[in-house]
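Down below is the structure, laid out as structure tokens.
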Amino acid sequence: MGDHFQTIVDLDAGAADAERLAGRVVDWLVTEGIVLAERTDCVLGRPLGHPPGPRWASAVADLDADEEPWDGLAVHTGRTVFDSGQDSPEAVTCPLCATTTVLESGPYDDDLLPEPGEDPWPRFATALTTWQTTGDATVDCPVCTRPAPLPDWTWTDDRLALGHLGFEFWNWPELTDDFRTRLSGLLAGHRTAYVWGKI
């Protein structure tokens with residue numbers, strides 16, 4: 001069956017403000033009763049997380065509210081490539097020309113590639129490694145050929161996002177759009193992404 005997760009990623013928070021914004025969001029989640037303040041061994045891949053609070057159901061879809069989450073919230077406050085855990089993104093959209101390029105795992109469309117048969121995924125994979133290591137990476141668009149910062153690209157299917165701040169809910173029912181919007185509203189007007197996955 002596996003474990004699944006949903007992550008709300010702040011795309012604009014830098015290293016300097018990630019901790020402050022994380023504290024603001026966790027305080028709100030605790031006040032709302034969605035998670036508990038104390039941290040326990042309740043998340044995968046991290047030593048401690050916040051277990052579900054008494055009003056966790058207010059964050060999830062009504063039809064899933066009777067499926068109690070069995071793990072908690074992991075808060076990431078460092079440079080992180082947030083991915084789906086299993087599948088590569090199928091496509092990515094350039095922030096400069098708004099053209100979508102199909103990647104290795106997607107159904108190829110030669111109109112989206114600079115040359116038929118060329119696989120653009122390796123250039124993105126290399127840039128992801130560089131960004132994870134240094135915090136700075138650009139990718140030349142396969143279509144308009146201009147370099148664009150890697151964090152500004154838009155990934156399809158909620159499979160990838162880059163940031164210094166993420167709220168990762170492990171084994172919870174599906175979070176509602178309203179909850180995700182309210183949480184995002186605490187992030188100083190920053191753009192957010194939603195990444196879901198399973199391991």
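Please read all numbers here as calculations on a predicted model, not as lab measurements.
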If you group Ile, Leu, Val, Met, Phe, Trp and Tyr by side-chain heavy-atom gaps below 4.5 Å, do [X] and [Y] land in one group?
X	Y	answer
Trp131	Leu103	yes
Leu11	Ile8	no
Trp196	Phe82	no

Ignoring hydrogens and angles, write down the donor-acceptor pairs under 3.5 Å from the side chains of residues 28-36, residues two or more places apart or on other chains.
| from | atom 1 | to | atom 2 | distance (Å) |
| --- | --- | --- | --- | --- |
| Thr31 | OG1 | Asp27 | O | 2.9 |

Open item on the list: As a quick check of understanding, evaluate side chain to side chain contact (heavy atoms under 4.5 Å, CB included) for Leu165 and Leu187, giving each step before the final call.
Closed with: CA-CA 10 Å; Leu165 177 58; Leu187 299 173; 4.0 Å; yes
Locate the shortest heavy-atom distance separating [X] from [Y]; write the atom from each residue and the value.
X	Y	result
Thr100	Ala91	CG2-CB, 3.6 Å
Pro147	Asp140	CB-OD1, 3.2 Å
Cys144	Cys94	SG-SG, 4.1 Å

Donor-acceptor pair, distance only, cut-off 3.5 Å: does the side chain of [X] make one with the backbone of [Y]?
X	Y	answer
Arg46	Val75	yes
His4	Lys198	no
Glu90	Val102	no
Thr7	Val9	no

Task: Ring-ring centroid check Trp155 Phe124, cutoff 6.0 Å - done: yes
Task: Steps toward side chain to side chain contact (heavy atoms under 4.5 Å, CB included) verdict (Arg39, Val26) - done: CA-CA 11 Å; Arg39 296 168 62 210; Val26 170; over 6 Å; no
Open item on the list: Test side chain to side chain contact (heavy atoms under 4.5 Å, CB included) on Arg180 and Leu183; report intermediate values, then the result.
Closed with: CA-CA 5 Å; Arg180 288 163 40 192; Leu183 188 151; 5.9 Å; no
- [ ] Would you check if there is a donor-acceptor pair between the side chains of Glu168 and Trp170 at a distance under 3.5 Å?
- [x] yes
Open item on the list: A side-chain contact here means heavy atoms from C-beta on lying under 4.5 Å apart; do Leu160 and Leu128 qualify?
Closed with: yes
TODO: With sequence neighbours left out, write down each residue that passes ring-ring contact (aromatic ring centres under 6.0 Å, His included) with Phe167, or none if nothing qualifies.
DONE: none
- [ ] Output all residues satisfying side-chain hydrogen bond (donor to acceptor under 3.5 Å, both in side chains) with Glu19, sequence neighbours left out; order by chain, then residue number.
- [x] Thr77
TODO: Give the intermediate values and the outcome of side chain to side chain contact (heavy atoms under 4.5 Å, CB included) for residues Phe5 and Ile199.
DONE: CA-CA 9 Å; Phe5 57 88; Ile199 57 171; 4.2 Å; yes
